[in-house]
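Written out below as C-alpha cells is the structure these notes cover.
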Number of protein chains: 2
Amino acid sequence: MRPVHSALEIVALIGQRQPIGVSAIARDTGLPKTTAHRVLQTLHAAGWIEPDANDGANWSLSIRAALAVGSAQRSTRQLHGAAFPIMEELRNTTGESVYLAVRDADTLALIERLDGRNPLAHAWPLWQRGPLHATSLGKSMLAHLDPAELESCLNATLPRMTRQTKTDRAAIEAELAVTRARGFATSFRENWPNENGVGAAIRNSRGEPTAAISISAPVDRVDEAQCIAWGPLLVAAARRISLGLTRG
Amino acid sequence: MRPVHSALEIVALIGQRQPIGVSAIARDTGLPKTTAHRVLQTLHAAGWIEPDANDGANWSLSIRAALAVGSAQRSTRQLHGAAFPIMEELRNTTGESVYLAVRDADTLALIERLDGRNPLAHAWPLWQRGPLHATSLGKSMLAHLDPAELESCLNATLPRMTRQTKTDRAAIEAELAVTRARGFATSFRENWPNENGVGAAIRNSRGEPTAAISISAPVDRVDEAQCIAWGPLLVAAARRISLGLTRG
DNA sequence: GACCAACGTTCCGCCATATGGAACGAACAA
DNA sequence: TTGTTCGTTCCATATGGCGGAACGTTGGTC
C-alpha cells in the first residue's frame, strides 16, 4: 500500500523536522511535490498534523498524533522511570548534561536530557535521532550487539558528522572491541565539532543493549582524560538502571 | 486517500486496545477483514506495529511508532512537568489517586496517574480515552468551553457508562452551570458504577481549558460530601498548574 | 471424537483512485 | 523588473487497492 508507506514516512519526517513545508518534505522523501501535498491534506483531515502555531505556513504534528500512539510509550516509560533518578545523580556529581537514548534499527533517538550547570550552546533536542557510530551513546550499544544486528547497523555508508567522525569500518570495529572490554564508549568531537562524550549501555531483561546513557560537554570544559575518568561512573549507573528494569 | 485514513484509524485503535487481532479491528472500524489485514501487513512492514510480545497472535504498537511521533509530546511534556509535583502534593494530602488528562475533540485521554495509598481495583490505564460527559475531568473542561466547541462535544449521542450517567442534554447543561459557578466538577458513579470523582480544569496561556486534574476513589471510601469538600483543593491546584504553564 | 464457530490468510477480477508531469498565482530576494 | 521558490490545481493514465468468497487451523462445547 504505497500511500500508507508515504504517509508514515511523512509523519516520521515531520516528527523529526517540524515545522516543515511541502517542498522540503517532497525533497527529503523523494516523492513528487503533488503526492506529498496530497498526503499532507489527508493527514490534516485526519487531525494528525496541523499548521504550526508559530509558523503557520508549515506543518507540525498535533496532539492527536501523540495520543494515538501514546500507549506505545509504555516501554520507554518504564525505562524512563528507572533511569531518571540515577541520571539526576550523575548530573549532580558531574555537573554536566546527561542523556538517555534508545536504539531503533540503525539510528538512536534521544528520550531524556538533563541539562548541566552550564547549559550547552546547541542542546540536542529530545526525540531527535542521531547516528550510532558517531556518538558514545550509539557506540556503547553497538559494542554489545550480536554480530548479525551489528552488521545491519554498519553495512550502510556511515555519515561523516565532523572531521573526527570515524567512518572506516575497521577503525570502528577496533574501537568497539576496546569499548566492549572496558564497558564504556567515548566520542571525541565525532558528532559535533566541539563536544566530547562518554556513554554506557543499558540492558533489558534479556541482556540486549536497548538503551544507553551518556555525559556530554564542550571540549574546553571536559577533555578526553576526564571522559575516560568518568567511564566507570557511567558503567555503574547503567548497570543500576538495567537492574531496575529487570526487577521492576 | 482512503488507505491512509484506514491506516491511521487502525493505528489509533491499536493504541487503545493493544494487543488486538485482525477480526476485532475489522469489526471496530467497519472495514472488511481483507482490507484490515492488508493494512496491518503494511504497518508491520513499516515497523509501526509488531506481534505482541506476550500474545503473539495479536498486534501492538512498536517503539518506532512512539519515536516517530515523540516530538508531538513536547506540548504534553510541558504540562506534565508543571502538573506532576502538584499532583504529588494532592495525592499525599488526600491519600487517593490523582489523574491528569487532556481533551482531544469530544474525548479525553489520560496522561498521568498517581495511585493512592489503597490502589484501585480497576485503575484507569494511561493513554486510555474516556468520555467527557461522564467524568469529573471531562465536565470540568466542558464547563469552560466556548459555546461552539461545547456544541460539537455534546451533539452526538452520549454513551451511557453506568446507570447514573447523565445523557440528557438539559441535565448536563444544568450541571455545567453549577460547575462553572463553583470551579470544580464532580462525577458520582457516572463513569464506573462504584467510583466518585472531583476535578478541576487547567487553562493554557490563552485561558482555554485544555487539560484537567481529578481525584477518584471507590464510593465506600470517598462519598459525595468528601468530593465536594475536596473541590476547593483541586481548584487551587489546577490554578497553580495553569500559572506554571503560562510562566514556563 | 465430532461438531461448530471464529480466527487469520489467500485468491482474483473489477474499477475506483492514486499518480506525477505541467502549469498556475503569490511571495520574496536580488 | 527579473528570477527563484513557495503552495496549489488540473487531468489523462494505468496502477494497485478493493472486497466477496473460499481456504486451512485453532479452540471450545456437547
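In what follows, every chain begins at residue 1, and chains take the letters A, B, ... in the order their sequences are listed.
- Under the salt bridge (Lys or Arg N to Asp or Glu O under 4.0 Å) criterion, the residue pairs touching residues 21-46 of chain B are B:Arg17-B:Asp28, with sequence neighbours excluded.
- Of the residues in residues 2-20 of chain B, those with a non-hydrogen atom less than 4.0 angstrom from any atom of DNA chain C are B:Arg2, B:Pro3.
- Closest heavy-atom contact between B:Gly199 and B:Ser140: O-CB, 3.8 Å.
- For B:Thr29, the side-chain contact (heavy atoms from CB on, under 4.5 Å) partners are B:Glu9, B:Ile10, B:Leu13, B:Ile25, B:Leu31, not counting sequence neighbours.
- For the pair B:Met1 CE and D:dG16 P, the interatomic distance rounds to 12 Å; values are reported in whole Å.
- An end-to-end axis angle of 50° holds for the helix from C:dC4-D:dG27 to C:dA30-D:dT1, taken from five base pairs per end and rounded to 10°.
- In this structure, the ring pair (Phe, Tyr, Trp, His ring centres under 6.0 Å) partners of A:Phe84, at least two apart in sequence or on a different chain, are A:His80.
- A:Trp59 is linked by a ring pair (Phe, Tyr, Trp, His ring centres under 6.0 Å) to A:His44, counting only residues two or more places apart in sequence or in another chain.
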Strictly under 3.5 Å: I want the nitrogen or oxygen pairs between protein and nucleotides 24-29 of chain D, one per line.
none

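- A salt bridge is defined here as a Lys NZ or Arg NE, NH1 or NH2 lying under 4.0 Å from an Asp or Glu carboxylate O, and A:Arg113 with A:Asp115 meets this definition.
- When DNA chain C is scanned in the 5' to 3' direction for atoms under 4.0 Å from non-hydrogen atoms of chain B, the outermost contacting nucleotides are C:dC7 to C:dT19.
- B:Thr167 and B:Arg160 share a donor-acceptor pair across their side chains, judged by distance under 3.5 Å alone.
- For residues 128-142 of chain A, the pairs satisfying salt bridge (Lys or Arg N to Asp or Glu O under 4.0 Å) are A:Asp104-A:Arg129, A:Lys139-A:Glu175, A:Lys139-A:Glu190, with sequence neighbours left out.
- For B:Glu50 (side chain) and B:Ser62 (main-chain N/O), no donor-acceptor pair under 3.5 Å exists by modelled atom type.
- Screening residues 145-157 of chain B for side-chain hydrogen bond (donor to acceptor under 3.5 Å, both in side chains), with sequence neighbours left out, gives B:Arg103-B:Glu149, B:Glu151-B:Arg169.
- At a non-hydrogen distance threshold of 4.0 Å, nothing from residues 47-61 of chain B comes into contact with DNA chain D.
- The stretch residues 25-34 of chain A touches DNA chain D through A:Arg27, A:Lys33, A:Thr34, each having a heavy atom under 4.0 angstrom from the strand.
- Atoms CD (A:Gln41) and C1' (D:dT9) sit 11 Å apart, rounded to a whole Å.
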